[in-house]
Undergrad: 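My questions will all concern the structure given below.
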Amino acid sequence: MDDTAGLDVPPRLLMGPGPITVDPRVLRAMSAQLVGQFDPFMTEAMTGTMALYREVFRTANEQTFLVDGTSRAGIEAALVSLLEPGDRVLVPVFGRFGALLREIAERCGAEVHTVEVPWGQVVPPEVVEEAVLRVRPKLLAVVQGDTSTTMCQPLADLGEICRRHGVLLYCDATASLGGNPFEADAWGIDVATAGLQKCLGGPPGSAPITLSPRAVELIEARTHVEAGIRDDGDTDRGTRIASNYLDLAQVMAYWGPRRLNHHTEASSMLYAARECARLLVEEGLDAAIARHELHGRAMVAGVRGLGLEVFGDPAHRMSNVVAVHVPDGVVADTVRAALLDDFGIEIGTSFGPLHGRVWRIGTMGYNARRDAVLTTLAALEQVLRGCGAAVPAGGGVGAAREVYAA
Ligand SMILES: *Cc1c(COP(=O)(O)O)cnc(C)c1O
């Protein structure tokens, strides 16, 4: 690649666990010109984006806004703002992102306890409740859809358990929001964070977040934001939030009516996040979830039609990504390379105990589409045959088309 030449991005169909091909409407929104940070147009766009994300998270939480950064920035902002050194946290771990929650909570100085299940399962609510009674945590931190295993943790029961025992509930809904049911208020979730590059159809770089009034109260009690730049280190009680950039008390004061100066809002990412939410709200959240369910089901039927097996508890699979066992005698990365080189299609590799054993194929956001599903299955069939696997001719596309015809 000539470093001084303009970027000539190859056409790709991103069918992995994220990022996915960005919706062209979002790309157009991102190319709009900037206005000043406190221009009335900008502050109105920020306020409107808050309202749109209340719909996406299904919440009445006033404090619903964007953290600038990828999904991980949202996770870290939530945990560093909620947790003080010595606080007890319980993390149900059923994949790689549960382990990430544990790690971030540890870095906040919290005393972290986990309940773990083998990859491919979710954590039963009675196991969580038993641990809550034993650990008496301040916070339960859990992932909804863990793309490393494709499992979707049921949350309604966990919300009830947390209410019953006075525990705060944080959820990383990055991979699942917009493609699987998510109900912040009805399920009693205090804080949820997400990202754009999964079912929301945008690029990575903005982390929508919502906080319940009791979470806001807890965070604000840790700090007093009296000026745009707080430099005195003075706190009335508890310890100061260890990050400036991710101090949600300051970020809330910036998004709130006082507009206290903090960071410069990442305007182009705001435009992107706003368009992602607009796409979802226009389509209707239920319709978007149903679309992910349909195309996810067609993909599963297709890979089974090719004689491949699907990984994980079928009762708890996310609708927008499927883990597919690599057949004997086939090298996982050879197939991925051939899909990319010959067809311009990307599917996902896997981590940890699943490395080399499964591919992860996503049908999410802009790519939760019939043509994307059928093209991927047709290409996969050819590549598998090229690797010497015995695959039924047309078995994948045929099975998926039957799902669409039903
Ligand atoms: C993909 C994913 C993320 C991504 O985090 P980034 O910082 O945007 O890379 C976070 N959490 C979960 C559960 C995910 O699946």
Side-chain angles (χ1 to χ4, degrees), residues 37-38 42-43 45-47 49-51 53-54 57 59-89 101 104-110 137-141 162 166-173 184-185 189-195 206-267 269-270 273:
Q37 188 181 3
F38 296 105
M42 184 65 182
T43 51
M46 289 171 73
T47 303
T49 301
M50 294 171 88
Y53 275 94
R54 284 185 199 108
F57 281 115
T59 182
N61 289 339
E62 185 192 331
Q63 294 301 350
T64 304
F65 52 95
L66 307 173
V67 175
D68 291 351
T70 66
S71 322
R72 198 174 292 236
I75 300 169
E76 210 156 298
L79 295 184
V80 79
S81 300
L82 288 167
L83 294 176
E84 301 191 37
D87 281 344
R88 279 191 303 278
V89 180
L101 296 185
I104 294 175
E106 279 169 0
R107 286 184 190 237
C108 295
K138 164 177 161 178
L139 178 76
L140 181 74
C162 286
V167 175
L168 280 166
L169 177 56
Y170 162 76
C171 178
D172 173 9
D185 287 1
I189 294 164
D190 289 290
V191 181
T193 61
S206 179
I209 185 170
T210 187
L211 298 105
S212 72
R214 90 177 165 147
V216 171
E217 199 181 316
L218 186 144
I219 291 168
E220 285 182 341
R222 290 186 67 182
T223 185
H224 289 283
V225 185
E226 297 300 349
I229 301 161
R230 184 169 58 85
D231 58 6
D232 54 15
D234 181 36
T235 51
D236 270 10
R237 69 181 164 104
T239 55
R240 187 184 195 187
I241 292 170
S243 168
N244 173 296
Y245 189 61
L246 300 175
D247 177 341
L248 286 178
Q250 293 197 50
V251 180
M252 287 189 288
Y254 173 49
W255 281 80
R258 290 190 299 162
R259 306 263 172 217
L260 295 187
N261 189 41
H262 182 239
H263 63 289
T264 311
E265 181 52 19
S267 318
M269 287 313 302
L270 175 91

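Both backbone and side-chain heavy atoms feed into the values below; hydrogens, waters and symmetry mates do not.
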Undergrad: Kindly compute the distance separating CD (E84) from NZ (K138), expressed to the nearest 0.5 Å.
TA: 5.0 Å
Undergrad: Can you tell me how far apart OG (S81) and CD1 (I209) are? Round to the nearest 0.5 Å.
TA: 7.5 Å
Undergrad: Under a 3.5 Å threshold, yes or no: a donor from one side chain and an acceptor from the other, between T59 and D185?
TA: yes
Undergrad: Looking only at heavy atoms, what is the nearest atom pair of A194 and F57, with distance?
TA: CB-CZ, 4.3 Å
Undergrad: For the atom pair CD (E265) and OG1 (T43), what is the distance rounded to the nearest 0.5 Å?
TA: 12.0 Å
Undergrad: Does any N or O in the side chain of R214 come within less than 3.5 Å of the main-chain N or O of D190, such that one atom is a donor and the other an acceptor?
TA: no
Undergrad: Here's a test for you: under side-chain contact (heavy atoms from CB on, under 4.5 Å), which of V251, I241, V80 qualifies with L246?
TA: V80
Undergrad: Could you go through T193 and Y170, starting from their C-alpha distance and side-chain angles, then the distance that decides it, and tell me whether this counts as side-chain hydrogen bond (donor to acceptor under 3.5 Å, both in side chains)?
TA: CA-CA 8 Å; T193 61; Y170 162 76; 2.6 Å; yes
Undergrad: To the nearest 0.5 Å, tell me how far T64 OG1 sits from M252 CE.
TA: 11.0 Å
Undergrad: Is the shortest side-chain heavy-atom distance between L248 and V67 below 4.5 Å?
TA: yes
Undergrad: Quick one: do F38 and N261 satisfy side chain to side chain contact (heavy atoms under 4.5 Å, CB included)? Show the steps, please.
TA: CA-CA 9 Å; F38 296 105; N261 189 41; 3.8 Å; yes
Undergrad: Is the number of heavy atoms from other residues, nucleotides or ligands within 6.0 Å of CD (E106) greater than 12?
TA: yes
Undergrad: Could you grab the distance from atom OG1 of T49 to atom CZ of R54, nearest 0.5 Å is fine?
TA: 10.5 Å
Undergrad: Could you pull out the closest heavy-atom pair between Y53 and A273, with the gap in Å?
TA: OH-O, 2.7 Å
Undergrad: Is the backbone of W255 close enough, under 3.5 Å, to the side chain of H262 for a donor and an acceptor to pair up by distance?
TA: no
Undergrad: Kindly compute the distance separating CD (Q250) from OG (S243), expressed to the nearest 0.5 Å.
TA: 9.0 Å
Undergrad: Between Y254 and Q37, is there a side-chain donor-acceptor contact under 3.5 Å, judged purely by atom types and distance?
TA: yes
Undergrad: Please tell me if the side chains of L139 and D87 come closer than 4.5 Å, counting only heavy atoms from C-beta onward.
TA: no
Undergrad: Hey, does the side chain of D247 reach the backbone of A249 with a donor-acceptor pair shorter than 3.5 angstrom?
TA: yes
Undergrad: Looking at L82 and R222, what are the two nearest heavy atoms and their distance?
TA: C-NH1, 3.9 Å
Undergrad: Work out which heavy atom in D68 is nearest to a heavy atom in A266; give both atom names and the distance.
TA: OD2-N, 2.9 Å
Undergrad: So Y245 and H263, would you call those rings parallel, tilted or perpendicular, with 30° and 60° as cut-offs?
TA: perpendicular
Undergrad: Could you tell me which non-hydrogen atom of G195 sits nearest to which non-hydrogen atom of S71, and how far apart they are?
TA: CA-OG, 3.5 Å
Undergrad: Is there side-chain contact between L79 and R107, with at least one heavy-atom pair below 4.5 Å?
TA: no
Undergrad: Grab the two heavy atoms, one from V191 and one from L211, that are nearest each other, plus how far apart they are.
TA: CG2-CD2, 4.0 Å
Undergrad: With a 4.5 Å heavy-atom cut-off, do S212 and N61 have their side chains touching?
TA: yes
